[in-house]
Number of protein chains: 2
Amino acid sequence: MGVPVSSANSLAVEDLGSAAQRDRRKRILDATIALASQGGFDAVQMRSVAEKADVALGTLYRYFPSKIHLLVSALQREFERTESTLRERPIDGDTTADRVINVLKRTTRGMQSDPQLTEALTRAFMFADASVAAEIHQVGMLLTSMLTRVMYPEGDHRLTEEDVAIARVIGDVWLSALVGWVTGRSSAAETGQQIEVAVKLLLRD
Amino acid sequence: MGVPVSSANSLAVEDLGSAAQRDRRKRILDATIALASQGGFDAVQMRSVAEKADVALGTLYRYFPSKIHLLVSALQREFERTESTLRERPIDGDTTADRVINVLKRTTRGMQSDPQLTEALTRAFMFADASVAAEIHQVGMLLTSMLTRVMYPEGDHRLTEEDVAIARVIGDVWLSALVGWVTGRSSAAETGQQIEVAVKLLLRD
DNA sequence: AACTGAAGTGGAACGTGTTCCTATTTTAGA
DNA sequence: TCTAAAATAGGAACACGTTCCACTTCAGTT
């Protein structure tokens, strides 16, 4: 058992020994983002990704066992970036609710500025089946922890179960709102509204 | 332009003139449910559905323009059944929260008793893109109205915007929980728990 | 009863995700 | 340095969603 959890799934960065391999992985994800950004989910075709990343199709599948794994991994990388950006700058807003709303709206605006990319990543996330559970779980944790940190920026706050539950519910609403926006059911404004209402319902302190 | 809205989408029951057509539509949805129930999303193959429904592939596509439309329409029919069953029997529970929790848990249990079918329908619903917006919207409305009715069983209650917002949030959480269960990220017990916590947070009266 | 357009049949064909195979290159260890 | 194993390249082949086409059947009109 030298190989960890990810053996059955995407090759995580930690699993990759050589610099060349890390570079290949990066090239693949870059190509994925570029194609998604330009043409959305349908434009991310495995042959195109392979070609753009200058990698054989078989190699692509060795790194990411399916299109969904690939896209969810891309989402994960993007999300980690967002999260670390967020970690740096202070969060403005007096109340807990305000801070959460600010952060979510800012993040949502960011995603809406690249609709095709958001469509691709969101749909992959939602379509993922059990085989992608590990990656999905990662993203879910990241989202929840991002939210709890925004709720309680002081590092010393001890999270109750209720805090975590609230963060989870907010995350759920955010995802639903995003799906609604991606599928053209709701406008950007409505999406923001939807999140704001939910947060205010949940965080009335 | 004799054909209404649904021209670009699935043929709704109302659009179908002859009894033979209504019957074909029914056969197709029955076949879909049967296949989904047996093998989930992947087992619902358009050729199999056509064969099982005793209909040509082209005809299947005339009735439902894509696999996703087909599955979402099946979901809609199932959901309407659930809803009308629910409408008959009285809802037990003293508080609003209790009633909502009871109904959601009962419904969830029902879905969990046929995991493959639930997987197929849920994934189709989540994967749907803009072209299925009409059908998805229908289902969303049905869910929200089902929830508000459970919240206020007396017909005379006047719904506030907040009531509707709460119903929507609960619906979002329910969907997320379902997706989590379908993808093996959470157990049936956790799913119930998740819903219960959210409802209690939102309906503390 | 014959005519006409819509609906249905049967099946070929195409695109893209996925798998698989062989030859070549790279890497690690002796 | 040499060699075996692992990784990659290149690409054929397969599966299933989707499209398309030629033909037949059906329903309504004259």
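Proteins come first, then strands; the chains are lettered A, B, ... in the order of their sequence lines, and each starts at number 1.
- Residue pairs meeting the salt bridge (charged side-chain N to carboxylate O under 4.0 Å, His left out) criterion with at least one partner in residues 77-88 of chain A, sequence neighbours excluded, are A:Asp30-A:Arg77, A:Glu78-A:Arg81, A:Glu83-A:Arg87, A:Glu83-A:Arg149.
- Listed by chain and residue number, nothing satisfies the side chain to side chain donor-acceptor pair (under 3.5 Å) test with A:Arg24 (two or more places apart in sequence, or in another chain).
- Counting only residues at least two apart or on different chains, the salt bridge (charged side-chain N to carboxylate O under 4.0 Å, His left out) pairs with a member in residues 102-114 of chain A are A:Asp92-A:Arg106, A:Lys105-A:Glu196.
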- Would you mind building the protein contact string for nucleotides 24-30 of chain D? One character per nucleotide, 5' to 3', B for base within reach (heavy atoms under 4.0 Å), S for sugar-phosphate only, - for untouched. -------
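- With sequence neighbours excluded, no residue forms a ring-ring contact (aromatic ring centres under 6.0 Å, His included) with B:Phe79.
- With hydrogens and angles ignored, the 3.5 Å screen pairs a side-chain donor or acceptor of B:Arg99 with a backbone N or O of B:Val150.
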- Message: So if I define the base as every atom that isn't primed, P, OP1 or OP2, how would nucleotides 6-20 of chain C read as a B/S/- string at a heavy-atom cutoff under 4.0 Å?
- Response: -SSBB--B--BBBB-
Anything under 3.5 Å between a donor and an acceptor, one on a side chain of residues 50-60 of chain A, the other on a protein residue two or more places apart or in another chain? List them.
none

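- Sequence neighbours left out, the pairs with a member in residues 118-131 of chain A that pass salt bridge (charged side-chain N to carboxylate O under 4.0 Å, His left out) are A:Glu119-A:Arg123.
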Please write out the pairs of protein N or O atoms and N or O atoms of nucleotides 1-3 of chain D separated by less than 3.5 Å, giving the distance to one decimal.
none

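- Every side chain to side chain donor-acceptor pair (under 3.5 Å) that B:Thr96 has, sequence neighbours left out, goes to B:Asp205.
- Within the structure, salt bridge (charged side-chain N to carboxylate O under 4.0 Å, His left out) pairs that include any residue of residues 159-184 of chain A do not occur (at least two apart or interchain).
- Residues passing the side chain to side chain donor-acceptor pair (under 3.5 Å) test with B:Asn102, sequence neighbours excluded: none.
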